[in-house]
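Notes follow the structure.
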Amino acid sequence: MNVLVINCGSSSLKYQLIETDSETVLAKGLCERIGIDGSAITHTPKGGDKVTTTVPMKDHTDAVKLVIEKLTDTNVGVIKSLDEIDAVGHRVVHGGEKFASSVVINDEVMAAIAECNDLAPLHNPANIIGINACKEVMPGVPMVAVFDTAFHQTMPDKAYMYGIPYEYYEKYKVRRYGFHGTSHDFVSKRAAEILGKKREELNIIVCHLGNGASISAVKKGQSVDTSMGLTPLEGLIMGTRSGDIDPAIVSFIADKEGITADEVVNILNKKSGVLGLSGGISSDFRDLGDAAESGNEMAKNTLEAYAYRVAKYIGAYMIAMGGVDVIVFTAGIGENNAIVRALVGKYLTCLGTSIDPEKNKLRGEEVILSAENDKVVTMVVPTDEELAIARETVRLTK
Ligand code: AMP
């Protein structure tokens, strides 16, 4: 079966065409600057070179049409016609409390996704635009929505409720939802597989450390806690997001700087995290690593603060689950960044696990970092959210 996986942003559209029997990526690409001057599509067919074409795309429907053009192109295409796309899987950021698993998209589902717009105003409307664009270009092709929040819907209320007046939950559904659920699910499943165990037998802590970062406690196969909250701003220090802070900081800074609460929240989303903490060095961990290695104290301290926060969450989730069997690193930093893994590893020795410095040099590979007799396994499992979406699409449409 050929599944087209779509991840839509407000001015971008990422895609992968996956042949799901062999789980092969036939082609992937990205449409950027949709609706803005200078829009371009970058398309990479399997085994071929990346081709970037600057083409005007006034909206997402134009972008989807272009994706189909590239996929069926005589030179860079990988299928003969649209008919070879059997289903489309869409990443949808927020499913609120309405969706605890993926669903086949119909009118009722579309309305329910739109009702979650308030909870993710930057993401859900873009996801809806992407779905509508695909419907227009590929009418009749079954489509599935896979939600970032769904895997965490198993959290108990003690984990998802905030200590604020209950009426805000009743009126506005203010609670913790968590994100990156597709990744936490995929990675915890794969970790159990690698260890030759059932996920239902294990307590797993997944550290999804990318530009956005979150940790989850996966107890016997179910998410029982995760570090992101109502929005992806809560939890770890991230590339540009602050993670946990004292909420009173918002009005304090607004008063001092003469700006609005919204503007402060924007700073907490876009100018904080390791970018802000390092005094502006970078939000990218490769730059921070280079700066730290050349002796920059701000970069060193930032990496220390980052690792400390990760370690604190691991400690909390070990207690939340009544013990931990496996700690997994994933996403850009978790898969590739030896400095961060080593810094977190220093804290983990008290749990009876270790990180082998030689194995820690590996990048982007499945590897067990801990020693054979360690009480807790520490490992790296690369995430693959597109493959996870394609699998869900097959499960629901085949
Ligand atoms: P993601 O959002 O999952 O793509 O992760 C992005 C982050 O991963 C950035 O901070 C990158 O610096 C980091 N990253 C990606 N590749 C490497 C690498 N080879 N070494 C160190 N950090 C990396």
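Counting starts at 1 for both ligands and their atoms, in listed order.
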**Study point:** Charged tip of Arg175 within 45° of Tyr160 ring normal and under 6.0 Å
**Key:** yes
Review point. When you check the side-chain N and O atoms of Ser188 and Arg199, is any donor under 3.5 Å from an acceptor?
Key: yes
Revision key, fill the gap. If you scan protein heavy atoms around atom 10 (O) of ligand 1, the nearest is Phe285 N, 3.0 Å
Exercise for review: For the pair Lys189 and Asp185, find out whether any cationic side-chain nitrogen is under 4.0 Å from an anionic carboxylate oxygen.
Suggested key: yes
Practice item. List the closest protein heavy-atom neighbour of atom 13 (C) of ligand 1: residue, atom name, distance to the nearest 0.1 Å. Key: Ile333 CG1, 3.7 Å
Point to revise | Distance from atom 14 (N) of ligand 1 to nearest protein heavy atom, with residue and atom | key: Gly332 O, 3.6 Å
Point to revise | Lys398 with Asp21: basic N within carboxylate O range, under 4.0 Å | key: yes
Review point. Which residue owns the protein heavy atom closest to atom 16 (N) of ligand 1, what's the atom, and how far is it?
Key: Asn336 ND2, 3.4 Å
Review point. Does an N or O anywhere in Leu209 fall below 3.5 Å from an N or O of ligand 1?
Key: no
Review point. At what distance is the nearest protein heavy atom to atom 6 (C) of ligand 1, and which residue and atom is it?
Key: Asn211 N, 3.7 Å
Check your understanding: Under the 6.0 Å and 45° cation-pi test, does Arg309 pair with Tyr313?
Key -> no
Exercise for review: In plain terms, say whether Lys65 and Glu136 are close enough for a salt bridge, that is, a side-chain N and a carboxylate O under 4.0 Å apart.
Suggested key: no
Study note, to complete from the structure: Atoms of ligand 1 under 4.0 Å from any heavy atom of Gly210, numbered from 1 in the order shown, are 1 (P), 2 (O), 3 (O), 5 (O)
Exercise for review: Below 4.0 angstrom from a heavy atom of Asp284, which ligand 1 atoms are there? Numbered from 1 as shown, please.
Suggested key: 10 (O), 11 (C), 12 (O)
